[in-house]
Amino acid sequence: MPVWWRYIHFVFPLAVYGMLALHLPTQFYLIGFLISLSLYWTTFRTQVPFYPSRPAVWKHVAELIPQGSSIHMVDIGSGLGDLTMYLAKQRQESYFLGVEIAPLPWFISVVRARLQRSKAKFILGDYYALNFSEFDVVFAYLSPAAMAALWQKAKSEMCPGSLLISYEFNIDQVPATIDISVREDLPLLYVWRM
C-alpha cells in the first residue's frame with residue numbers, strides 16, 4: 001500500500017467525527033455521494049478508476065506523435081481533458097478527441113475546452129464504440145484489467161503504422177515497440193507501432 005494511504009486512514013476517522021459534530025444536513029451527504037457517483041460510476045464495470053496524467057507525460061506524448069503532418073488522435077479515458085487540450089494547443093493542424101465514460105470529468109473537460117477556446121473535442125461514451133482505424137494515435141491511461149481488451153480492439157482496427165500509447169500499463173505477452181521513462185519517479189510510457 002502506498003504511504004499516502006496511511007494519511008488517508010489517519011484522517012478519515014477524524015473527518016467523520018468532525019462532520020458528525022457539525023450536525024450537517026443530510027442533503028450534504030447526498031450531494032457528496034452524487035459527485036462521487038458521477039466521477040466513479042463506471043469503475044465497477046470497466047475496472048478503470050480516475051487516473052489523471054501529468055505534464056511530464058503530456059510533453060513526452062507530444063514528442064512521440066508523428067510530426068510534420070496533420071494527425072487524428074484519441075485519448076480514451078480522457079478524464080478532465082488535460083492531455084487532449086495540451087496537444088491541441090501544441091498541434092493546431094491536428095484533430096484531438098477525448099473520450100470519457102464518467103459524466104463529471106467529461107462535463108468538466110467540455111467546459112474547460114470552451115473556456116480556453118481549445119480545438120480539442122470531447123465526447124461522453126465508451127471507447128469500444130469508436131473505430132480505431134480513424135486515428136493515427138490512440139492514447140490510453142486505463143488499468144491492467146482493461147489492457148487485454150484494448151489490445152484486441154487495437155489489433156483488429158488500427159491501421160499499419162499507427163501508434164498505440166499506454167501510460168503505466170503494459171499489455172501482457174505483447175512486448176512494446178519501445179518503452180520510455182518519463183521521469184525517474186513516474187511509470188513508463190509503452191508504445192506499440194501497429
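Model, not experiment: these values are computed from the prediction.
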Flag side-chain contact, heavy atom, 4.5 Å: [X] against [Y]:
X	Y	result
Phe28	Met19	yes
Leu163	Pro66	yes
Phe107	Leu124	no
Phe139	Val74	no
Thr26	Leu30	no

Determine whether a donor-acceptor pair (N or O, by modelled atom type, separation under 3.5 Å) exists between the side chain of [X] and the backbone of [Y].
X	Y	value
Ser94	Ile71	yes
Lys121	Val110	no
Glu100	Ala102	yes
Arg183	Val57	no
Trp192	Val174	yes
Glu93	Ser70	no
Asp179	Leu188	no

query: For the hydrophobic clusters of this structure (ILVMFWY residues joined by side-chain heavy atoms under 4.5 Å, transitively), does one cluster hold both Tyr128 and Ile171?
result: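 Same hydrophobic cluster.
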
- prompt: Going only through I, L, V, M, F, W and Y residues with side-chain contacts under 4.5 Å, is there a path from Tyr29 to Val16?
  reply: no

Take atom [atom1] of [X] as the centre, draw a 6.0 Å sphere, and report whether it contains more than 12 heavy atoms from other residues, nucleotides or ligands.
X	atom1	result
Lys119	NZ	yes
Glu63	CD	yes
Lys89	NZ	no

Show the nearest heavy-atom pair for residues [X] and [Y], with the distance to one decimal.
X	Y	value
Phe122	Trp106	O-NE1, 3.6 Å
Ala120	Ala88	N-CB, 3.7 Å
Met147	Ser143	CG-O, 3.3 Å
Gln67	Ala62	NE2-O, 2.9 Å
Pro105	Leu80	CA-CD2, 3.8 Å
Gly98	Thr84	N-CG2, 3.9 Å

Measuring from atom [atom1] of [X] to atom [atom2] of [Y], what distance do you get when rounded to the nearest 0.5 angstrom?
X	Y	atom1	atom2	answer
Ile65	Asp136	CD1	CG	9.5 Å
Tyr141	Ser166	OH	OG	9.5 Å
Arg193	Met158	CZ	CE	10.0 Å
Phe96	Met73	CZ	CE	6.5 Å
Arg117	Met85	CZ	CE	14.5 Å
Leu189	Ile178	CG	CD1	8.5 Å

query: Salt bridge between Asp82 and Arg112, side-chain N to carboxylate O under 4.0 Å?
result: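 Result for this pair is yes, salt bridge flagged.
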
message: Run the side-chain contact (heavy atoms from CB on, under 4.5 Å) test on Leu97 and Asp75 for me, step by step, so that the C-alpha distance in whole Å, both residues' side-chain angles and the decisive distance to 0.1 Å come before the verdict.
response: CA-CA 6 Å; Leu97 174 68; Asp75 176 3; over 6 Å; no

- request: Could you tell me how the ring of Trp58 sits relative to the ring of Tyr86: parallel (under 30°), tilted (30 to 60°) or perpendicular (over 60°)?
  value: tilted

message: For Tyr127 and Phe132, take the angle between the two ring planes, folded into 0 to 90°, and tell me which bin it lands in: parallel under 30, tilted 30 to 60, perpendicular over 60.
response: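 Ring orientation of Tyr127 relative to Phe132: parallel.
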
task: Let me see the working for Tyr167 and Ile180 under side-chain contact (heavy atoms from CB on, under 4.5 Å), right down to the final yes or no.
output: CA-CA 10 Å; Tyr167 179 54; Ile180 299 164; over 6 Å; no

task: Could you please spell out the steps behind the side-chain contact (heavy atoms from CB on, under 4.5 Å) verdict for Val61 and Leu87?
output: CA-CA 8 Å; Val61 172; Leu87 294 172; 4.0 Å; yes

- request: List the steps and the verdict of side-chain contact (heavy atoms from CB on, under 4.5 Å) for Val111 and Arg114.
  value: CA-CA 5 Å; Val111 170; Arg114 286 197 181 140; 5.9 Å; no

